[in-house]
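Shown next, in structure tokens, is the structure this report addresses.
Not measured: the values here are computed from a predicted model. By convention in this document, chain letters (A, B, ...) are assigned in the order of the sequence lines, proteins followed by strands, and residues within each chain are numbered from 1.
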Amino acid sequence: MTANTTASQRIAELRQQLAEASRAYHERDEQIIPDIDYDRLMRELQALEAAHPELDSTDSISHQVGGKPSSRFAEVTHAVPMLSLGNAFSDEEVRDFVRRIDERLRRPHLMFSAEPKLDGLAINLRYENGVFVQGATRGDGATGEDVSANLRQIKVIPHTLEGQGWPEVLEVRGEVYMPRADFERYNEHARLHGGKVLANPRNGAAGSLRQLDPKVSAQRPLSFYAYGLGEVRGGELPPTHSATLAQLARWGFPVSDLCQVVEGADGLLAYYRDIGERRDSLAFDIDGVVYKLDDREGQQEMGFVARAPRWAIAHKFPAQEQTTTVEAIEVQIGRTGAATPVARLKPVHVAGVVVTNATLHNADQIARLDVRVGDTVIVRRAGDVIPEVVSVIADRRPEGTQPWQMPHTCPVCGSEIVREEGEAVWRCSGELSCPAQRKESIAHFASRKAMDIDGLGDKYIETLVDAGIVRGVADLYALQRDQLLVLKLALDAADPEALASQLGLHLAPEGSGDTLNRVLKLDAGDAGWRAQSLSVPAGFQWNTKKIATKWADNLIAAIDSSRSTTLERLLFALGIEHVGESTAKALSQWFGDLELVRHLPWPLFKRVPDIGGEVARSIGHFMAQPGNQQAIDDLLARGVQINDQHAPNARLRGELTLATLLQDLEIPKVTPVRARQLAEAFPSVEAIRDESAHTFVTAGLPADTANALVAWLDVDANAALFSAAGAALQQLLVRTPEMQEQAAGPLDGQTVVLTGTLAQMNRDDAKARLEALGAKVAGSVSKKTSFVVAGSEAGSKLDKANELGVEVWDEARLLAFLADNGQAS
DNA sequence: GATCCTCGAGTTCA
DNA sequence: CTCGAGGATC
């Protein structure tokens with residue numbers, strides 16, 4: 001095959017792909033390949049055609065601008081063609097652009113008008129004698145569609161011009177777009193009322209403008225910014241682009257206030273960076289910025305190349321969206337057993353990083369998108385960082401794919417995967433017998449906000465667990481330096497036999513695992529393979545320099561220093577379901593000591609604000625497992641110490657009554673009113689326990705309530721819980737004298753939210769200090785928020801605060817306040 | 001019973 | 001950061 005046939009094949013291929021994409025984009029408002037790919041393919045085609053002029057043809061898509069207009073609307077031939085712009089993707093290309101102008105014009109100060117490039121739909125508005133007469137889409141650049149009726153529905157487009165001095169014929173060009181917030185609101189409404197959900201603001205704008213019924217179009221929240229001119233007759237306009245925009249604004253057109261005049265390539269690049277940083281906080285989507293030589297005389301001198309002016313260029317942001325293929329859909333098991341499907345993607349660059357994984361959240365989301373293995377998908381890194389699959393490109397689905405289904409068994413331990421009634425998540429039922437859950441729970445235990453064991457990364461946890469050295473969190477505190485050294489040696493060893501003989505270890509037979517496992521496992525007969533007691537012989541020759549000893553020493557030291565901890569950290573570290581950072585803190589503050597929390601009957605936990613039945617039961621359930629109690633015993637036996645134990649909070653005192661207890665037990669039919677009645681009629685739990693329904697009725701309870709109570713007490717487990725709770729209540733009340741009064745802080749009862757980056761301290765630090773003054777530090781802004789502390793680059797939370805009229809402090813004010821109240825750094 | 005608010009849990013990559 | 005769901009409140 002000659003080079004030429006290869007090229008001609010490729011050209012044909014490219015032309016077909018591009019034509020297809022172009023048709024979909026312009027006629028059906030669908031994007032079947034992302035812009036970035038389209039641009040890349042177009043460049044490839046142009047390059048090939050330039051290199052092989054004999055294969056070029058005038059009707060190639062590379063010589064057209066956009067697609068053919070659809071036939072539903074009247075055609076409009078533009079008096080002045082609507083051209084597209086050349087693209088720049090790098091600083092270098094921008095400098096080239098400026099250099100070309102500089103070389104031709106030879107002027108001292110090159111001034112440019114820089115503007116955001118809105119991601120919408122370009123249109124041309126025609127005014128004759130100051131009255132709007134026609135509006136058209138760009139179409140293929142030469143002819144577009146008459147969408148005047150729909151454009152008249154857009155409030156910001158003037159029907160008649162304001163002010164005076166406008167030309168007889170004035171054509172204004174600009175972008176119709178849909179503001180993000182309106183797009184969201186519209187979709188929310190559509191979802192609730194079964195309307196058409198829009199894919200993104202750009203498609204929303206395009207689709208809306210091309211509705212045949214202007215009434216439908218009127219419902220869509222469209223807006224407009226002017227950025228240029230078409231035909232102008234019978235009038236003078238200012239000599240620069242920037243002054244023209246100002247003039248357009250005076251005539252009543254919306255002009256973006258982000259437009260700026262800057263000088264030279266450096267000015268352009270600074271503008272680009274500035275807008276790039278503000279991109280996410282803008283009210284609309286942009287896909288780059290546009291630079292135009294400001295003075296019109298210079299523009300004329302520069303002229304045009306085939307499809308674009310030489311005096312303007314679009315500087316695009318790195319693609320936020322990319323296509324790639326789904327190589328597999330795997331299931332990850334989290335600490336709680338939650339089974340999360342994750343798409344393994346063919347690696348692809350998106351917005352500066354290589355993305356290989358994207359969460360698919362849960363089975364419902366997969367079903368909604370209908371993502372299948374082998375699919376080509378569009379991946380996005382939205383405003384935040386986390387990649388997500390936006391949509392599947394249906395046309396590129398290979399034959400014979402099946403809809404994805406949640407597996408029935410756990411990929412790690414083989415246990416059944418089940419879904420609770422009414423819940424969205426599927427869970428592996430293996431609990432701690434599932435290695436994945438065990439590893440995750442150990443990782444959680446060691447994490448920064450829990451026991452904070454530095455240096456114990458996922459990899460090491462994995463090997464420690466696989467090797468059987470660590471089976472539960474308490475085993476971490478029994479780790480020996482030698483075990484870690486051998487572990488590291490085995491991980492790096494090329495020759496297991498040699499290593500084993502050097503260390504004097506018995507080696508598991510080949511095929512019983514990788515090098516590491518063969519070194520670590522010892523034949524224990526029928527019991528299977530077990531970790532052997534590992535040690536490095538005295539005088540062992542380390543054959544590589546300083547191998548691993550540093551790491552092992554550091555880890556042992558980190559584990560050691562984590563022994564001294566707080567109740568809050570330990571409770572959080574245990575990984576009790578529904579007990580996160582803040583619930584752990586509440587438990588620690590209200591009850592003060594571990595023994596109390598370990599043995600308290602669950603209904604009493606409900607006395608703590610923000611703990612309800614679900615959370616209370618979960619704590620009780622955790623503490624009722626012998627294995628968990630054993631683990632706590634082991635931790636304490638191996639030197640874990642809680643340094644902040646104290647007496648229960650005195651505020652509990654008023655809460656601990658027979659009436660509240662009766663409510664908290666969740667006895668059927670026993671409402672708060674009935675609970676109070678019972679508490680008044682009977683002095684204690686013991687007095688109620690063995691009574692008959694008749695006695696309760698005599699005491700004033702309705703018969704059905706009395707019967708329900710007796711029936712409930714008749715169940716042994718309930719009776720036991722009842723007695724235990726009564727005893728615990730008494731015990732706590734007996735401790736009344738030692739209960740702690742909480743010191744009143746200046747921020748008592750206030751809720752504070754931190755946002756943005758603080759320069760002088762980190763977030764956790766600021767949080768701790770505010771809490772020391774009595775404040776509650778919350779994660780989201782609501783009308784109950786007392787004030788918001790905004791650091792630099794504050795985002796949505798600051799907006800929300802402004803929206804709700806919540807007071808906002810800057811960092812200086814916070815620092816001053818902290819200093820005034822004895823919490824200076 | 002509905003609504004608002006907060007917490008927990010899960011996730012990516014340099 | 002976002003979603004889902006638990007808790008508090010009316």
Side-chain angles (χ1 to χ4, degrees), chain A residues 184 188 191 280-281 320 330-345 347-365 368 379-389 419-428 436-437 440-441 443-444 447 449-450 457-458 571-587 605-619 622 663-664 666 672 751-756 763 767 776-786 793-800 804 806:
Chain A
E184 300 294 343
E188 182 126 343
R191 265 192 289 274
D280 292 334
S281 57
Q320 300 270 24
E330 285 172 12
V331 170
Q332 275 179 3
I333 306 296
R335 170 166 67 89
T336 60
T340 313
V342 176
R344 302 278 170 227
L345 306 169
V348 65
H349 278 273
V350 186
V353 298
V354 179
V355 170
T356 51
N357 300 318
T359 174
L360 294 165
H361 267 94
N362 54 44
D364 291 349
Q365 164 125 16
R368 194 163 57 240
V379 180
R380 165 170 66 193
R381 263 174 48 127
D384 53 332
V385 215
I386 297 168
E388 59 174 355
V389 172
R419 166 142 78 167
E420 291 269 322
E421 191 102 11
E423 287 220 320
V425 294
W426 291 77
R427 286 178 204 282
C428 159
Q437 292 187 51
E440 291 296 325
S441 67
H444 169 75
S447 68
K449 290 185 166 173
D458 292 352
L571 286 174
F572 176 55
L574 291 174
I576 304 164
E577 214 182 333
H578 295 129
V579 177
E581 220 186 323
S582 103
T583 308
K585 170 173 270 163
L587 287 169
F605 289 117
K606 286 169 63 177
R607 289 299 96 210
V608 177
D610 296 328
I611 294 183
E614 201 69 28
V615 179
R617 246 189 304 270
S618 165
I619 303 167
F622 181 92
Q663 275 175 53
D664 291 345
E666 298 175 7
T751 307
V752 182
V753 175
L754 299 170
T755 182
R763 216 173 244 245
K767 186 176 169 187
K776 190 168 166 202
V777 179
S780 62
V781 180
S782 71
K783 61 183 178 203
K784 286 207 229 158
T785 308
S786 314
E793 285 162 60
S796 59
K797 283 190 257 186
L798 180 56
D799 299 343
K800 184 93 184 274
L804 294 171
V806 172

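- What separates CD1 of A:I619 from C1' of B:dC7 is a distance of 13 Å, to the nearest Å.
- Side chain of A:H444 to backbone of A:F572: a donor-acceptor contact under 3.5 angstrom is found.
- Put simply, CG on A:L587 and CD1 on A:I619 are 4.5 Å apart, with the number rounded to the nearest 0.5 Å.
- An OP1 or OP2 oxygen of B:dT11 is reached within less than 4.0 angstrom by no side-chain nitrogen or oxygen of A:N357.
- Listed pair A:T336 / B:dG10 meets the phosphate criterion, a side-chain N or O lying under 4.0 Å from OP1 or OP2.
- Residue A:K783 places its side chain closer to B:dC4 than to any other of B:dA9, B:dG8, B:dC4.
- Under 4.0 angstrom from either OP1 or OP2 of B:dC4 there lies no side-chain N or O belonging to A:S782.
- In this structure, A:R427 CZ and A:T340 OG1 are separated by 9.5 Å, a value rounded to the nearest 0.5 Å.
- In this structure, the nucleotide among B:dT6, B:dA9, B:dT12 sitting nearest to the side chain of A:V342 is B:dT12.
- As rounded to whole Å, 14 Å separates atom C1' of B:dG8 from atom CG of A:L587.
- Summarising the geometry, the separation between CG on A:L360 and P on B:dG10 is reported as 16 Å, rounded to the nearest angstrom.
- Atom pair A:I333:CD1 and B:dA9:C1' shows a separation of 14 Å (rounding to whole Å applied).
- Checking B:dC5, B:dT6, B:dT11 against every side-chain atom of A:K776, the shortest atom distance belongs to B:dT6.
- In this structure, the CD atom of A:E440 is 11 Å from the C1' atom of B:dA9, given to the nearest Å.
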Could you list the donor-acceptor pairs under 3.5 angstrom formed between side-chain atoms of residues 606-613 of chain A and any protein atom two or more places apart in sequence or on another chain?
from: A:K606; atom 1: NZ; to: A:D664; atom 2: O; distance (Å): 3.2
from: A:K606; atom 1: NZ; to: A:E666; atom 2: OE2; distance (Å): 2.6
from: A:R607; atom 1: NE; to: A:D664; atom 2: OD2; distance (Å): 2.8
from: A:R607; atom 1: NH1; to: A:E655; atom 2: OE1; distance (Å): 2.7
from: A:R607; atom 1: NH2; to: A:D664; atom 2: OD1; distance (Å): 2.9
from: A:R607; atom 1: NH2; to: A:D664; atom 2: OD2; distance (Å): 3.2

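- In this structure, A:E577 CD and A:T336 OG1 are separated by 6.5 Å, a value rounded to the nearest 0.5 Å.
- Residue A:A338 has its side chain nearest to B:dG10 when only B:dG10, B:dG8, B:dT11 are considered.
- Here A:S582 reaches the OP1 or OP2 of B:dG8: one of its side-chain N or O atoms lies under 4.0 Å away.
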Exercise for the section: Sugar-phosphate atoms are those with a prime plus P, OP1 and OP2; base atoms are the rest. Using that split, label each nucleotide of nucleotides 3-10 of chain C B, S or - for protein heavy atoms under 4.0 Å, 5' to 3'. Expected result: --SSSS--

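- Taking side-chain N and O atoms only, A:Q332 has no distance below 4.0 Å to OP1 or OP2 of B:dG10.
- Straight-line distance from the CD atom of A:E330 to the P atom of B:dT12: 11 Å, rounded to whole Å.
- Whole-Å rounding puts the A:E581 CD to B:dG8 P distance at 8 Å.
- Comparing B:dC13, B:dC5, B:dT11 against the side chain of A:T356 picks out B:dC13 as the nearest.
- Side chain of A:S786 to backbone of A:T751: a donor-acceptor contact under 3.5 angstrom is found.
- The phosphate of B:dT11 (OP1 or OP2) has a side-chain N or O of A:T340 nearer than 4.0 angstrom.
- Look at CG on A:L571: it is 16 Å from C1' on B:dG8, rounded to the nearest Å.
- Screening A:V355, A:T356, A:N357 for a side-chain contact (heavy atoms from CB on, under 4.5 Å) with A:P347, the sole residue that qualifies is A:T356.
- For the atom pair CD (A:E581) and NZ (A:K767), the distance works out to 4.0 Å, reported to the nearest 0.5 Å.
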